[in-house]
Every structure is written in C-alpha cells, then in structure tokens.
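Quick notes on the structure that follows.
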Amino acid sequence: MKNISKSFWFQFIPAIILGFITIACFILGLIPLYYLWFTFIMWILACGLGIAVGYHRVFSHKTHTLPKWKENILLFLGTLSGQGASIFWVALHRGYHHPHSDKEKDIHSPIYGKMNAFIGWQYKVTEANNPVNIKYAVDLLRKPNHVWFHHHHLKVLWGVPLVIALLNWQLALSAFCLVAMIGVVQDNLVNVYGHSKGLIGYRNFELDDNSQNNMFLGYFAWGQGWHNNHHHDPKSFDFGTSVSGKWWEYDPCRIFLPLLH
C-alpha cells in the first residue's frame, strides 16, 4: 500500500467515476433535475466555503483566526470536496507552490505538462515516495481537530454519502458524489490554467512565475482563477478587486466574509 497513491485511487478516481454515474442518472431521468439544487448548495458549501475559504484562505494564508467550532465546519466541508485533508493541502500550498512557484519543487506546476498539473502529480504522491513535507503545516499539526481529519478524511469523504445513500441514494449522488467530482476537477483546472497562458489568461502583475488570471475560473472556481492577483498578494482574502483595483474581477468568496467574524 505504501507504493499506491491513496489520493489518486481513493479520492480522484472514485470521485470521477461516481460523478459520471450521477450525470448519467440525470440524463436518463433516474434522478429528477430538481436534485441539481442540492448539487449547487453543496458546491457552494464544500468547494466555496470548505476549500476556497477554509483550506486556502484561512488555513493556508491565515487570513482569519476562527474559533474551533467554525474550523471544524470548514474542515468537514473541505473534506467533502475530495481534495484530501487540510494538513497535506496546506503543506503543499505553503511549502512548495508559493515559494517555488513554477520551479522544480512545485510538483503540480504545468512546467511538467498540463496533464501532470491536472492529475499526474497526485498519482506520484505515495507513502513510500512523498515529496510533500507536512512540517510546512506545523501550526495545524498542533491542532487535534486538523490531525483527526488528516487521519480520517477518506472515511468522512465516502462515509457521509454512504450513510445518506441508505436514506436517499439520489441525494447521496447529486449532493456529495457529483460535488466531489466537481471539486477535484475544479481546483486541478486552476493548477493548469492558473499557470498556463490561454485564450482568456492574462497578468496584472509581472512576477517570477507563470501565474495567470483566468476569467472563467475567477468567477466559477470561487476566485481561485484570479491567480496572478493571488500570487502578487497571497495574504489578501479577496483575490480579485482588492488586489487589482479592477471592479469586474469579483471574488465570489467575499459573500462568506460575514460568516468569519
């Protein structure tokens, strides 16, 4: 098991398979279309509040200090996005992506190819060969709630929809499995197009990396697509207008700010 990538085989692959099964069920009419409202709500909570706000802004860049009960909510929601535990996510982001952006140590940079940035990097991370040192999340290692989710995130990721499925399998697929697929695809696309020149990619700031703003991912990936702005000012909660001064670079995560106070 130490040579197997758990994040690839037990997170990414099941999320993709179950996501496509869910889409097929919608197309075939096995799941009523109104269940897409549950998908939308959980996408907001898991991908927006859990990952974009919790894992990225609050835990990685320390934009806010929260009481433990609020941290636990963000940890739970972030886990349901299919992107692993906060400790690994933060260590990778803090220790490798920002200080070595688009350099050799940035393991999910497109400099190794777009497919590597999308998923290849995850396949390479095993217990026997783990290039990510969790010492870069040492503050989270001191918190029992983060450590608990670090050890049990796969149980939460798949245990919750399994329990829901016993009551309503359509809800389990639409609100949890499809959202996990969206979560792993969404932020891996940010890895690719946040650091690759594209038709709608552009830079507001000239930095020592390949970071790009991507309008589509800026709006539909919870501000993560304003990636050049973020690399210019990582401590800013708002990745958009507050950094660039451009009113139309709206960061959707701003809607969550009242919940953090």
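For the numbers below, each heavy atom of this structure counts, side chains included, while hydrogens, waters and symmetry mates do not.
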*Please assess H261 against H64 for the test side chain to side chain contact (heavy atoms under 4.5 Å, CB included), listing each intermediate value before the final yes or no.*
CA-CA 9 Å; H261 297 289; H64 292 77; 3.8 Å; yes

*Carefully, step by step, assess I255 and W222 under the rule side chain to side chain contact (heavy atoms under 4.5 Å, CB included).*
CA-CA 10 Å; I255 68 174; W222 295 102; 4.0 Å; yes

_Test side-chain hydrogen bond (donor to acceptor under 3.5 Å, both in side chains) on S86 and H146; report intermediate values, then the result._
CA-CA 7 Å; S86 60; H146 285 265; 2.7 Å; yes

*Checking side-chain hydrogen bond (donor to acceptor under 3.5 Å, both in side chains) for the pair N145/K68: CA distance, chi angles, key distance, verdict?*
CA-CA 8 Å; N145 54 342; K68 185 176 180 179; 5.6 Å; no

*Using the side chain to side chain contact (heavy atoms under 4.5 Å, CB included) rule, take H97 and D106 through it: C-alpha gap first, then chi angles, then the decisive distance, then the call.*
CA-CA 5 Å; H97 181 58; D106 186 4; 3.3 Å; yes

_Quick one, T22 with F26, criterion side chain to side chain contact (heavy atoms under 4.5 Å, CB included). Give me CA distance, side-chain angles, the key distance, then yes/no._
CA-CA 6 Å; T22 307; F26 275 115; 3.7 Å; yes

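For W121 and Y96, the ring centers are positioned 6.0 Å apart or more. Checked against the 6.0 Å centroid threshold, H56 and H227 do not count as a close aromatic pair. The aromatic ring centres of Y219 and W226 sit less than 6.0 Å apart. Ring centroid separation for the pair H93 and H108 does not come in under the 6.0 Å cut-off.
Looking at K105, its side chain never comes within 3.5 Å of a backbone N or O of P131 through a donor-acceptor pair. With hydrogens and angles disregarded, no donor-acceptor distance shorter than 3.5 Å links the side chain of R57 to the backbone of T63. Checked by atom type and distance alone, the side chain of S60 pairs as donor or acceptor with a backbone atom of Y55 at under 3.5 Å. Remark: side-chain polar atoms of S5 are paired, donor with acceptor, to backbone N or O of Q122 under 3.5 angstrom. Counting only distance, with no hydrogens or angles, the side chain of N229 and the backbone of S244 share no donor-acceptor pair below 3.5 Å. Formation of a donor-acceptor pair under 3.5 Å by the Q83 side chain with backbone atoms of G183 is found in this model. Not a single donor-acceptor pair under 3.5 Å links the side chain of D209 to the backbone N or O of N228. A donor-acceptor contact shorter than 3.5 Å is absent between the side chain of Q212 and the backbone of S196.
With rounding to the nearest 0.5 angstrom, the CG atom of L207 is 8.5 Å from the NE2 atom of H231. In this structure, CG in L36 is found 13.0 Å from CH2 in W43, a value given to the nearest 0.5 Å. Once rounded to the nearest 0.5 Å, the distance linking OH of Y35 with SG of C25 reads 12.0 Å. Atom CD1 in I134 sits 10.0 Å away from atom CZ in F88 (nearest 0.5 Å). One finds the CD1 atom of I200 at 7.0 Å from the CG atom of L217 (value rounded to the nearest 0.5 Å). Rounding to the nearest 0.5 angstrom, the gap separating the CG atom in D139 from the CD1 atom in I87 is 9.0 Å.
Criterion: ILVMFWY side-chain heavy atoms under 4.5 Å apart, direct or through other members. Under it, L45 and L259 are part of a common hydrophobic cluster. V163 and L77 sit in two unconnected hydrophobic clusters of ILVMFWY residues. Membership requires side-chain heavy atoms under 4.5 Å apart, directly or through other members. Hydrophobic clustering places I41 together with Y34 (ILVMFWY residues linked when any side-chain heavy atoms are closer than 4.5 Å, directly or through intermediates). One hydrophobic cluster, built from ILVMFWY side chains closer than 4.5 Å, cannot hold both L166 and M42; they sit in different ones. Residues L92 and F8 fall into different hydrophobic clusters, defined by Ile, Leu, Val, Met, Phe, Trp and Tyr side chains chained together at heavy-atom separations under 4.5 Å.
For CZ of F20, the number of neighbouring non-hydrogen atoms (other residues, nucleotides, ligands) closer than 6.0 Å is 12 at most. Surrounding NZ of K62 are at most 12 heavy atoms belonging to other residues, nucleotides or ligands under 6.0 Å away. Other residues, nucleotides and ligands place more than 12 heavy atoms under 6.0 Å from the CH2 atom of W148.
Two residues are said to be in side-chain contact when any heavy atoms from C-beta on lie closer than 4.5 Å; L154 and Q11 meet this criterion. The shortest distance between side-chain heavy atoms of D208 and K103 falls below 4.5 Å. L49 has its side chain within reach of L74: a pair of non-hydrogen atoms, C-beta onward, lies under 4.5 Å apart. Side chains of N213 and F205 form no contact here, defined as non-hydrogen atoms less than 4.5 Å apart. Looking at F59 and L75, their side chains come closer than 4.5 Å, going by heavy atoms from C-beta outward. Using a 4.5 Å heavy-atom threshold, the side chains of T241 and R254 count as touching. Between L18 and W158, the closest side-chain pair of non-hydrogen atoms falls below 4.5 Å. Side-chain contact between S211 and H232 is absent, with no heavy atoms from C-beta onward closer than 4.5 Å.
A pairwise comparison of heavy atoms in N3 and A128 identifies OD1-CB, 3.1 Å as the closest pair. Residues L157 and A180 approach most closely at CD1-CB, 4.4 Å, considering heavy atoms. When all heavy atoms of K114 and V192 are compared, the pair lying nearest together is O-CG2, 3.5 Å. Of all the heavy atoms in P110 and D102, the pair that sits closest is CD-OD1, 4.0 Å. Residues A85 and H153 approach most closely at CB-ND1, 3.8 Å, considering heavy atoms. Counting all heavy atoms, side chain and backbone alike, L140 lies closest to V147 at O-CG2, 4.2 Å.
In this pair, Y123 and W9 present their aromatic rings perpendicular. The plane angle is above 60°, beyond the 30 to 60° band. Relative ring orientation between Y202 and W248 is described as tilted, the plane-to-plane angle lying within the 30° to 60° band.
When each of T39, I31, L30, L178 is tested with L173 by the rule side-chain contact (heavy atoms from CB on, under 4.5 Å), just one qualifies, namely I31.
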